[in-house]
Each structure stands twice: as structure tokens, then as C-alpha cells.
Number of protein chains: 2
Amino acid sequence: MGGDHAPESVLDGLEIAAERHPQARFLLVGDEARLQPLLARRPRAAKACTIRHAPASIPGDMKPTAALRVRHSSMRIAIDAVAGGEAAGVVSAGNTGALMALGKIVVKTLPEIDRPALAAIGPSARGDVVLLDLGANIVCDARNLLEFAVMGDAFARAVLGLTAPKIGLLNVGSEELKGDDRVRLAAEMLRDSILAPNFHGFVEGHDITAGTVDVVVTDGFTGNVALKTGEGAFKLVGSLLKQVFTSSWTAKLGYLLARPALDRLREWMDPRRYNGAVLIGLNGVVVKSHGGTDALGFAHAVDVAMDMVTHRFTDRIREGLATLPPRGKAAEATPAGLGVAETGATP
Amino acid sequence: MGGDHAPESVLDGLEIAAERHPQARFLLVGDEARLQPLLARRPRAAKACTIRHAPASIPGDMKPTAALRVRHSSMRIAIDAVAGGEAAGVVSAGNTGALMALGKIVVKTLPEIDRPALAAIGPSARGDVVLLDLGANIVCDARNLLEFAVMGDAFARAVLGLTAPKIGLLNVGSEELKGDDRVRLAAEMLRDSILAPNFHGFVEGHDITAGTVDVVVTDGFTGNVALKTGEGAFKLVGSLLKQVFTSSWTAKLGYLLARPALDRLREWMDPRRYNGAVLIGLNGVVVKSHGGTDALGFAHAVDVAMDMVTHRFTDRIREGLATLPPRGKAAEATPAGLGVAETGATP
């Protein structure tokens, strides 16, 4: 029931997903009276879906603390199905904060980690890149960043199919002394961890789209800003290109001639192809679809969830986390963000 | 003597700057034996420049602490000229960390503020946007952010010529409760300040290029990452477009037809047009040119310095800072980055 065009766009997405994943079965949770006739008109989805009625739903602007108190919301019932083992994962286009809060409380955080993180993939010059955390944890310490790296590594293996993903830690410069105490300590911990052979060191903002590494690790504040700044830059160029190609008759003709290649580019950059942020670090698969996406975007979020389920993503994370030393004094010595030493950035 | 193609690109830049600013006089500091013959071949620059010999120069990879100890470096002599009142400002394409350290120690921070910040302008859908801090201060508290806002406001008035710049505070969501304690306290302080009528509230990463506000205020870590992520995204699209327009004969022909409009777009997005980061909050004008830029880029950095000098930028900042309450208990209660309350971001 969540998202700007729900439930229609979700059902259209399921119609696509049912064709792509013929073995999958979907538990469709929401207002049965609304869903029933919509589902009847989508034959593939109808075959693959079972409706479960939910008398309530969580509005997009409800605070997480309030959302936790809504009984029998569609989001809650769907997440309960994951926690109870009935469903292998949940995909929602609804309220992000509510989904994160319900995920943590109902599906529960893996015992080996401190906090789950939000991860997603984006485009780069050398293939797709995993970025995390995207905003689940505004304040993080070095140990959190280490755990994000382990989870990002498992995510890149499961969803991108890489065997040895290169990992970078986002900073204001690539030299060892750059940044604050927190990122320097996290880098040290990564060099002492099982990820050491694939740890590239510090990366900078431009390395994300350059594809310098496969996984970019950062705190939720910086990751959220980086994600949205990159999206904003793509959007600006897109709208300027539209202006360019409608600015004159010759430009319009030029567009028509270059169109096949431009269409391939547009397809490759299509934000729908990157839809599906994953709340990782839980005892189950929880995927957040963008609320404003359409059927194709929602279907992609289902693809992401299917990848995570079929590649036993949660088990992989567990295996990685088991290799980490227990949370120790090193991490406690640097509470979130309390880095005071500074070194100049290289703008 | 600083930058990838120094001193040639600096002299070529001065040749352009001397034409644009016929009233300006330049003190060219560096190795006289190298500079003399190069200057002789550039007639406009030669007329406007006086060479001052510097027996040493600061390498690009030298640490700021070491750079401070180099006597008679070209950067030091140039900055001394500003501190001594002989020059109105300094433009350097050299070592960023060294320039910031020398700027702070020699030109000195304005007594009204805690720390200077690095600011620059970038493109948006609605005209140019000022972003600060870009990396001078990796760890900041709420009061620092308030001071950055005052300085960013003065910068936008001086360099963009705006009479009432709209100011936004970078966060992970636009709602009042988003982010950590630090940004929420900074927002509160801004609402109580002289900037209140022009304070738009929180903005997100995509608002930078959307042009939602004229000045985007953030800490040096986030600002540096945002700047470079945006640059990286533009660069990726640029290289993909190059591939598109060389992918087939029809695409090449299409490019030729759309070329006038595409060239205008490229010119508008040209990073050289945005060259010149300013270290603001000092008793003088200190501008950092990108080390990898060419003559046009360096000339733009000179334009920025000239704007700041002719619009009495330092005086404007002083006037703004004089309206702020003294650093008080509110700021002390939240040391840099020690925000512990969290609210989920909206990815």
C-alpha cells in the first residue's frame, strides 16, 4: 500500500516480476477489497500472488515511533511474515523510517552487529558500485564502518556477483593521514580484518562514479548526502540535455540521429535500474523500493530481493561477521564522531 | 610556482586576467630566473606584473606543518604581501593544505570567528550556488556552521552579486527533526540570527544542483564529499556522452548537428568556470586555484579574487559576524560531531 502510485504500480511491478521469477510466490499484503479487482486484471501476478488482508496502512509522513504502534498495518503484517519464516523477504515502497524501525524490531538485527545499514547500487564508469550506509545511521563509530564494510562485501558478492569486491572507505583525501580519527581508525581495523586483501584504502567523492572500488563505505549522513548529490547532478545534466536537443531544428535532427546510442545511455543510467535499497544486517531480507518509482522500478526492487534470497545473503554476512573480533576497547575509545584531530582536505 | 603546469599556466592565466582587469597590478612571486623569460613573451602580463624572487617553493605533497617551516617559499612571500597590506589578495594553484595553514597563521583568522572555511561556487538548475565548507574543517560544531552561513551569505553577495541570498543547511532530510543534534542546533541558531529571513531550512544533496538555495552550508567532511561526488557524476556523464557520439556514423552526424547547443552546455558546465575556492574568514583575500587547471581556469580564480577585493568582501563578513551573539553555552554543549540522537534519513 506504500508509494506514490500504490497499489497499482506495485501490482504492475509484480506482473513483471512474476514473469522474471516464475518460481517465486508473492504474499500481497494490503486492503483486500482494493487489491482483489486490480490483481484479477494482471494474469501473471494473479497466479503468483496470495492476498493477505491488512485493515490499516502506514502513511508516508508518519514518524517511525508512531508507525511501530499501528497494529495490523500492511507493512507490519508483511514484515511479520518474514520474521515468522513464512516469507523469505519483504519489498516495500512505503515509509522508509517505518520500514527500518519495523525491520529492526520485528525481523531483528543480527547478533554479531551493532546496527543495520541501508545499501544500494549505483552506476560507475567501471560497472555498478555498492554504497552504504545511505542514512540508517546518522552517527557512526569506526566499528560500525568496519561492520558496514563486511556487509557491503557480502552485498556485492550476492547482488553484483563479484568474487572479490574491492572496498574503499569514503574520506576527504586518499592519503593515510586524511580525515578524522574515526575514519583513520576504521581503516586500521579494516587492514587488520579478513577484508584486508580487498581493502583499497580511502577513496574520495569522485571515486564513487569513477568505479575505483566496488563497495564504498561511509556513515549514514555522508552516504545520504553523496547519493542525493550524485542523483542531483545526473538529473541536472539530463534536463540540460533535454534543453539542448530541443533548442533548434538542427539539434532536434541531431537527437534523432544519435537517438539509438542516447537511448542506450538513458537506459543504462535509468534510476529504476538502481531501485531497491536494502536494509542489511537483519535476520531476513528487507528491501525498500523508491516511493516514486513505477512498475519497472518496483520489479527491479523485487530482483534485488530475489538475488539476496537465492544467494543466501544473510548467511554470507553472518560468515563475514563471525571473522571480526568482538567489539573491543578500540571502538569504545572513539565514540561516534568524536574525532578531533584534523588534516586538511584536498578540494 | 604551484600547480601541475606551473609556472606556464599561471602566466598564461595572468595574460588573460591582465586583459580582463586592466586596473589590476600583479606581484608575481617565484623563481625569477624561470619567470623572467616566460613573462617577457606575454606582453599584457608583463605590463601588469612585478616579479618578486622566491628562492624556494612548496611541493604539492608537503604536509602543512612542514610547509610552515619553509622560509622564503613563493607561497609564503605572496601571503606575507597580503598580511603586510602590500597586496589585496593572493591566488595560488599550489598545495591546498599549506595555503590554508599559511593563510590562517600569516593573514590570520578574523577575531569574530572560530575557524575559516573553504568556499566555492558550482552550477545548478537556477544559477550558481555557493557551497561551504569544502574541507578546511573536518570536524565542526553548530556554531561553526552558523559562522559558515554568515560567511557564505557575504560570499554570495560579493561574488554572485545577490542582494538576499537564500541559505540552506545540508542534511539527510528536509523535515525539522532530521539529522543529528549538531545540524538541528545550527538550524535553531540560524533562525535566531540576522540571517533568519533568508534561511530556507534544511536542504538535501539533490538540492545543491536543483538550486533550491543560493548558499549550501555544511561541515568540511560532508562538503568535500558532496563537491567531489557531484564533479564525479558530471564527469561520468561527460565521458558517456563522448562514447555515445562516437558510437556510430549517424551518432557522429547527430553530434555535428547538435554541436552549437552542446558546446554552449559544455561551456556552461566547464569546471574552469567554477575554479577558485576561497579561504574565507581571514583578514584578507586568499584564493586557491585547482592545481590541474589551465590558463582560463587560473584567470577565473583571479576573477574571484578581484570580485572579493572590489566588493570589500572581508568588511562584509565582519559586519555579518558582528551581529552574532558571542560563542556561548549553547555551542559548547554540543562539541563537534557529538550528536547522539538520530532520526532516519529519507533515501
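This one's a predicted model, so the numbers in the text were calculated from it and none came from an experiment.
Closest non-hydrogen pair, Val172(B) versus Lys228(A), comes out as O-NZ, 3.0 Å.
Only the side chain of Arg264(A) comes within less than 4.5 Å of a heavy atom in chain B; its backbone stays farther off. For Leu262(B), the parts lying under 4.5 angstrom from a heavy atom of chain A are both the backbone and the side chain. Within the 4.5 angstrom heavy-atom criterion, atoms from both the backbone and the side chain of Leu170(B) approach chain A. With a 4.5 Å cut-off on non-hydrogen atoms, Ser124(B) touches chain A through its backbone but not through its side chain. Contacts between Ala210(B) and chain A at a heavy-atom distance below 4.5 Å are absent for every atom of the residue.
Contacts between residues 239-252 of chain B and chain A, defined by a heavy-atom separation under 4.5 Å, are made by Leu240(B), Leu241(B), Val244(B), Phe245(B), Ser247(B), Thr250(B), Ala251(B).
To the nearest 0.5 Å, atoms CG (Asn224(B)) and CD (Glu204(A)) are separated by 7.0 Å.
Ranked by heavy-atom pairs under 4.5 Å with chain A, the list Gly291(B), Ala125(B), Ala233(B) is led by Ala233(B). Among the candidates Thr65(B), Leu265(B), Leu257(B), the residue making the largest number of heavy-atom pairs closer than 4.5 Å to chain A is Leu257(B). When the candidates Val225(B), Val183(B), Leu253(B) are compared by the number of heavy-atom contacts under 4.5 Å with chain A, Val225(B) comes out ahead. Of the listed residues (Thr218(B), Asp207(B), Thr222(B)), the one with the most heavy-atom contacts under 4.5 Å to chain A is Thr222(B).
Counting heavy atoms from C-beta on, the side chains of Thr229(B) and Thr209(A) never come closer than 4.5 Å. Asn171(A) has its side chain within reach of Phe221(B): a pair of non-hydrogen atoms, C-beta onward, lies under 4.5 Å apart.
Arg273(A) is linked by a side-chain hydrogen bond (donor to acceptor under 3.5 Å, both in side chains) to nothing, counting only residues two or more places apart in sequence or in another chain.
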(Q) Between Ile138(A) and Lys178(B), is the side-chain contact (heavy atoms from CB on, under 4.5 Å) condition met? List the steps. (A) CA-CA 9 Å; Ile138(A) 302 309; Lys178(B) 292 284 178 186; over 6 Å; no
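Not one N or O on the side chain of Lys235(A) forms a donor-acceptor pair closer than 3.5 Å with the backbone of His206(B).
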